[in-house]
Number of protein chains: 2
Amino acid sequence: MNASNRSYSQLAYPIAMTAIPHAPRKQARQARARATQTAIIEAAARILEGNGRDGLTTNRVADRAGVSIGSLYQYFPNKEAIVAALLRREREALLSRIREISAAANDPMAAVSALVDAAMEHQFARPKLALELEYLEASLGIEAEAAELSQQVAEEILAVVRMLKPEADLCIARDAVAICKAIANSAALSGEAEQAKISARLHKAVLGYLR
Amino acid sequence: MNASNRSYSQLAYPIAMTAIPHAPRKQARQARARATQTAIIEAAARILEGNGRDGLTTNRVADRAGVSIGSLYQYFPNKEAIVAALLRREREALLSRIREISAAANDPMAAVSALVDAAMEHQFARPKLALELEYLEASLGIEAEAAELSQQVAEEILAVVRMLKPEADLCIARDAVAICKAIANSAALSGEAEQAKISARLHKAVLGYLR
DNA sequence: GTCTATATAGAGATAGAC
DNA sequence: GTCTATCTCTATATAGAC
């Protein structure tokens, strides 16, 4: 994804004292670089939340991240790459949560229920961001990769769903995901705030579908 | 919406023959004007389907509609207005279909089922267009009006749903709509074409939720 | 390796001829 | 009332100083 992530940490430090001052400096630079990257990605996230996708300009991202536009382009080749990185960050977080649940699953009903909760928490942690990313995903030019992540999510979900409903196929899993997103988004958009109420409806919808 | 829709047709024609050539000319111009408007809106629709929202530029719309950019701006004050008109066209078509079903409703189950079918037909008639419009709706600046149309849809749906489930509220109706859109979109996006299969899942999801 | 300044391009929208 | 030509603005991306 970015070319500057070389593994300086694997350098074998010579015993000579002259090497010692270098090590931290190099490490520090790596850490700084990562921090800058993260800052840029998070700035993009906040702009999406505050100004929507039309407000997301590279100049604004650079400004909000506290770096110059020139620096931004040292870390990302173009605007798409920033959005892609952000999307990956969010999706991977959700995916790993799903995998945890899937791995720990015993009782089918409880597992499905836990998945629904996870989806809802994810969506409600930053609702505007989740929504904007969904919109942006379609126009990203990384369809292949995005599709692959969705695929992985669907497969993981399917594994759990099959505990409850052995004849289920991938369509069913995708539907379940779609239902979660749709209800959560629609609730968020129409200004609902009572998570408990929404959660109850979500469970009803998903379990009703899988019954 | 547009200022040129004055009701010339209500002019009482004087008996004098001089009036006769005017009437058709005015009528003809009106008809032409409407045709041009329609052509512009439909051109926008086709561009959305073929090039996505990023490809939707006013110049391209004018070109595809077979008029010059100058003419386009005689009919619409800006790009948003074109999208808004298109959105209205689609939404009102769906709304009036929903009203038909609602008005003719006898058996609750059958009515809900008919609504689900209508939603699915609408979504699958032009899936890409429906999806793009959903994305665009959020950035339209006509939130108030769009929200009102959604509200009308939800209320109409609620009336039918209450036949099945008297304690239902607007949230339930909105959820039902969201479920329909979500499953239809997700199916369309992942390339499913068998409408019968999707329809079966949709019914299951909605009826499962309302049970 | 970070900044400022700017090249470049493409969009929306308008002016004015016909 | 429709066209062509064009203005203006703003966004992405780069060049070059430091």
Between protein and nucleotides 10-12 of chain D, what N or O pairs are separated by less than 3.5 Å?
unit_1	atom_1	unit_2	atom_2	d
D/dT12	OP1	A/T58	N	3.3
D/dT12	OP1	A/K79	NZ	3.1
D/dT12	OP2	A/T58	N	2.9
D/dT12	OP2	A/T58	OG1	2.8

Enumerate all atom pairs, one protein N or O and one N or O from nucleotides 16-18 of chain D, separated by less than 3.5 Å.
none

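- Within the 4.5 Å cutoff, side-chain heavy atoms of B/L207 are placed close to those of B/V112.
- At a threshold of 4.0 Å, the pair A/K128-A/E49 does not count as salt-bridged, since none of the basic side-chain nitrogens sits closer than that to a carboxylate oxygen.
- Between A/R174 and A/E155 there is no salt bridge, since no side-chain N of the basic residue sits under 4.0 Å from a carboxylate O of the acidic one.
- Taking the side chain as every heavy atom from C-beta outward, B/Q152 and B/R91 never approach each other to under 4.5 Å.
- Annotation: side chain of A/E156 is not in contact with side chain of A/I101 (no heavy-atom distance under 4.5 Å).
- Annotation: side chain of B/I179 is not in contact with side chain of A/Y209 (no heavy-atom distance under 4.5 Å).
- Taking the charged nitrogens against the carboxylate oxygens, B/E42 and B/R126 do have a contact shorter than 4.0 Å, which makes a salt bridge.
- Straight-line distance from the CD atom of B/Q37 to the C1' atom of D/dG1: 14 Å, rounded to whole Å.
- B/Y75 has its OH atom 18 Å from the P atom of C/dA13, to the nearest Å.
- A/R46 CZ: 12 or fewer foreign heavy atoms inside a 6.0 Å radius.
- For the pair B/N51 CG and C/dA11 P, the computed distance is 11 Å after rounding to whole Å.
- Under 4.0 angstrom from either OP1 or OP2 of C/dC3 there lies at least one side-chain N or O belonging to A/S71.
- As rounded to whole Å, 10 Å separates atom P of D/dC3 from atom CG of B/L72.
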